[in-house]
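Whatever order the structure lists ligands and atoms in, that order sets their numbers, starting from 1. Bear in mind the structure is a predicted one, so any value in this text is a computation, not a measurement.
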Amino acid sequence: MTSVPSPAPNAPASTALERRPGLEPLSYVTHTAHSAWGTYLAQIDRVVPYLGRLARWAETLRHPKRALIVDIPIEMDDGTVRHFEGYRVQHNLSRGPGKGGIRYHPDVTLDEVMALAGWMTIKNAAVNLPFGGAKGGVRVDPRQLSRKELERLTRRYTSEIGLIIGPQQDIPAPDVNTNAQVMAWMMDTYSMNIGATASGVVTGKPVHLGGSLGRVKATGRGVFVTGREACRRLGLSLEGLRVVVQGFGNVGSAAAELFQQAGARVVAIQDHSGSIACPSGVDFAALMPYVRDSGGVAGFPGAESIDPEAFWDVDCDVLIPAALEGQITPERASRLKARLVLEGANGPTLPQSDDVLADRGILVVPDVICNAGGVTVSYFEWVQDFSSFFWTEDEINVRLDRIMVEALRRIWDTADQHRISLRTAAFAVACERILQAREDRGLYP
Ligand code: NAD
């Protein structure tokens, strides 16, 4: 692997393949500077000066390879028919099949799914997994659907995107509001349609259906591992470390629990239901069953309820955004008390907020490495499904730890070498791998 080149003060003469950003905007999506795709494009712009001769291929990263929009009509329990809009975007397949989760949320848009797919391309390459990047979503609030309606929606959506997914083509996984049950329905639907059990078509399945041990907590574990390493480099002890978490779902709760087990105190949590603070550290043994039963942290008797905006002022050492995109606005970035931000969520920090945080000396471990633990264990699951030979949870966790530590070390070295942020360094390492693959494969025809 060659090292990331230094930025050239005088850009090389442009070639026929090189395009300036914005010269050929996509007609099918109107993005803004603050939209998720706008954020992704700004991040790509920042890395181009570090790509050397491979910069001539950089335009490929601004063009998703495929974007499929599907109509999902389903019969509701009351006999009416409703239509939902779904997407599957394959952003870049230069390094292997598409890989990325499926999100169910009423605010999902094509813009957002494109950005999430782009970040998957970068993430998979940053950790050096043999995958391209993809993502899917359905505009739906699953909390409003019965279990049977959710199953019908999932099966119809899977059938519609069945045109482009498959164990060798594109492998979905869980994301916001989807879980192992949704993956089981997706696997079954795809298998019924092709007439053979295809367990490798999705990851994040239940363990008895070819899922991997350790997958459920893998993303949170990866957040913890990269956070542990960052704390070591910053000289922060885990013992007594004050952690605040936004989002207490799959990622946020697992990461918070691992920090707490390592001696940290989780002093504030925010989710869709409300925000709570507890300076002495939240009691997890009581909080976990409370959230399971009530659906959120609001009203938890072991903590004080706080205003959602006051959440961003809580005194802490580490902030873990683990909910949705765009949460760390420049204004919130100017108020944060943390020394370290661990991006459990995808795209939680706007590009302008990155600058504010850097000016204030707050280190950000970016999403494309910080939350890559999930897709890394998804990769293990995919490999195990192909060989029908399953590893122990210990083996999974040890391999995950090793891959995450090595990926972060390489990115950190690149950041030190060029005096750039960890985000730009992660993009530089990843883009070099993606664009080298693009160049070696060449253009068809
Ligand atoms: P989840 O559905 O399990 O949990 C989402 C959490 O966010 C919930 O606690 C919800 O209450 C909270 N939330 C939603 N809207 C909010 C709001 N407006 N304000 C505050 N909190 C809000 O989802 P997840 O799987 O934990 O994913 C969280 C983030 O992590 C997403 O950005 C996702 O893309 C990213 N991610 C997930 C995985 C994975 O393996 N699940 C992998 C990589 C990245």
>> If we count only N and O atoms by modelled type, under 3.5 Å, do the side chains of T349 and E343 hold a donor and an acceptor together?
In response: yes
>> Which label fits F386 and W382: parallel for a plane angle under 30°, tilted from 30 to 60°, or perpendicular past 60°?
In response: perpendicular
> What atoms of ligand 1 come closer than 4.0 angstrom to any heavy atom of R215?
Replying inline: 40 (O)
> Which bit of A372 is near ligand 1, meaning a heavy atom under 4.0 Å away: side chain, backbone, both or neither?
Replying inline: neither
>> One residue to check: T219. Relative to ligand 1, which of side chain, backbone, both or neither has a non-hydrogen atom less than 4.0 Å away?
In response: side chain
> Would you find more than 12 non-hydrogen atoms of other residues, nucleotides or ligands less than 6.0 Å from Y28 atom OH?
Replying inline: yes
>> How far is atom 33 (C) of ligand 1 from the closest protein heavy atom, and which atom is that?
In response: D175 OD1, 3.2 Å
>> Geometry only, no angles: is F248 polar-contacting ligand 1 at N/O separations under 3.5 Å?
In response: yes
>> Suppose I only count heavy atoms of L324 and a 4.0 Å limit; which atoms of ligand 1 are within that range?
In response: 15 (N)
> Y87 pairs by side chain to side chain contact (heavy atoms under 4.5 Å, CB included) with which of V108, L68, V70, I161?
Replying inline: V108
> So between V223, V251, V216, D367, whose heavy atom ends up nearest atom 37 (C) of ligand 1?
Replying inline: V251
>> Taking 4.0 Å as the limit for heavy-atom contacts, which would you say applies to R103 with ligand 1: side chain only, backbone only, both, or neither?
In response: side chain
> Of all the atoms in ligand 1, which lie at a distance below 4.0 Å from a heavy atom belonging to V176?
Replying inline: 2 (O), 23 (O), 27 (O), 31 (C), 33 (C)
> What is the closest protein heavy atom to atom 14 (C) of ligand 1, and at what distance does it sit?
Replying inline: H272 CB, 4.0 Å
> Does ligand 1 have any atom sitting under 4.0 Å from a heavy atom of G296?
Replying inline: no
> So is there a nitrogen or oxygen of L116 less than 3.5 Å from a nitrogen or oxygen in ligand 1?
Replying inline: no
> Can you tell me the protein heavy atom closest to atom 28 (C) of ligand 1 and the distance?
Replying inline: A322 O, 3.4 Å
>> Checking a contact table here: which protein heavy atom is nearest atom 30 (O) of ligand 1, and how many Å away?
In response: G344 O, 3.4 Å
> R103 versus L116: any side-chain heavy-atom pair under 4.5 Å?
Replying inline: yes
> ring-ring contact (aromatic ring centres under 6.0 Å, His included) with F380: which residues, sequence neighbours excluded?
Replying inline: W391
> Can R335 and D313 be counted as an ion pair, charged N to O under 4.0 angstrom?
Replying inline: yes
>> Please classify the M120 to ligand 1 contact at 4.0 Å (heavy-atom distances, strictly less than): side chain, backbone, both or neither.
In response: neither
>> If I apply the N/O under 3.5 Å rule, does H105 come out as touching ligand 1?
In response: no
> Excluding sequence neighbours, so at least two apart, what forms ring-ring contact (aromatic ring centres under 6.0 Å, His included) with F300?
Replying inline: Y290
> Is a salt bridge present between D188 and R155, judged by a nitrogen-to-oxygen distance below 4.0 Å?
Replying inline: yes
>> Suppose I only count heavy atoms of G247 and a 4.0 Å limit; which atoms of ligand 1 are within that range?
In response: 6 (C), 7 (O), 9 (O), 12 (C)
>> Looking at non-hydrogen atoms alone, which of C370, P174, G249 comes nearest to atom 6 (C) of ligand 1?
In response: G249
> Thinking salt bridges, do R152 and E75 make one under a 4.0 Å N-O criterion?
Replying inline: no
>> I'd like the name of whichever of Q246, E343, K123 reaches closest to atom 19 (N) of ligand 1 through any heavy atom.
In response: Q246
> Is any side-chain N of the basic residue among R147 and E151 closer than 4.0 Å to the acidic one's carboxylate O?
Replying inline: no
> For ligand 1, which atoms have a heavy atom of A323 less than 4.0 angstrom away?
Replying inline: 7 (O), 13 (N), 21 (N), 22 (C), 28 (C), 29 (C), 31 (C), 32 (O)
> Can you tell if the side chain of Y40 reaches within under 4.5 Å of the side chain of M114, non-hydrogen atoms only?
Replying inline: no
> How far is atom 3 (O) of ligand 1 from its nearest protein heavy atom, and which residue and atom is that?
Replying inline: N250 N, 2.9 Å
>> What I want to find out is whether D77 reaches K148 closely enough, with some N-O distance under 4.0 Å, to be called a salt bridge.
In response: no
>> For ligand 1 and E325, I'd like to know whether there is a polar contact (N/O to N/O, distance under 3.5 Å).
In response: no
> Quick check: does N177 get an N/O under 3.5 Å from an N/O on ligand 1?
Replying inline: yes
> When rounded to the nearest 0.5 angstrom, what is the spacing between CG in L336 and SG in C316?
Replying inline: 7.0 Å
> Any N or O of Q327 that comes nearer than 3.5 Å to an N or O of ligand 1?
Replying inline: no
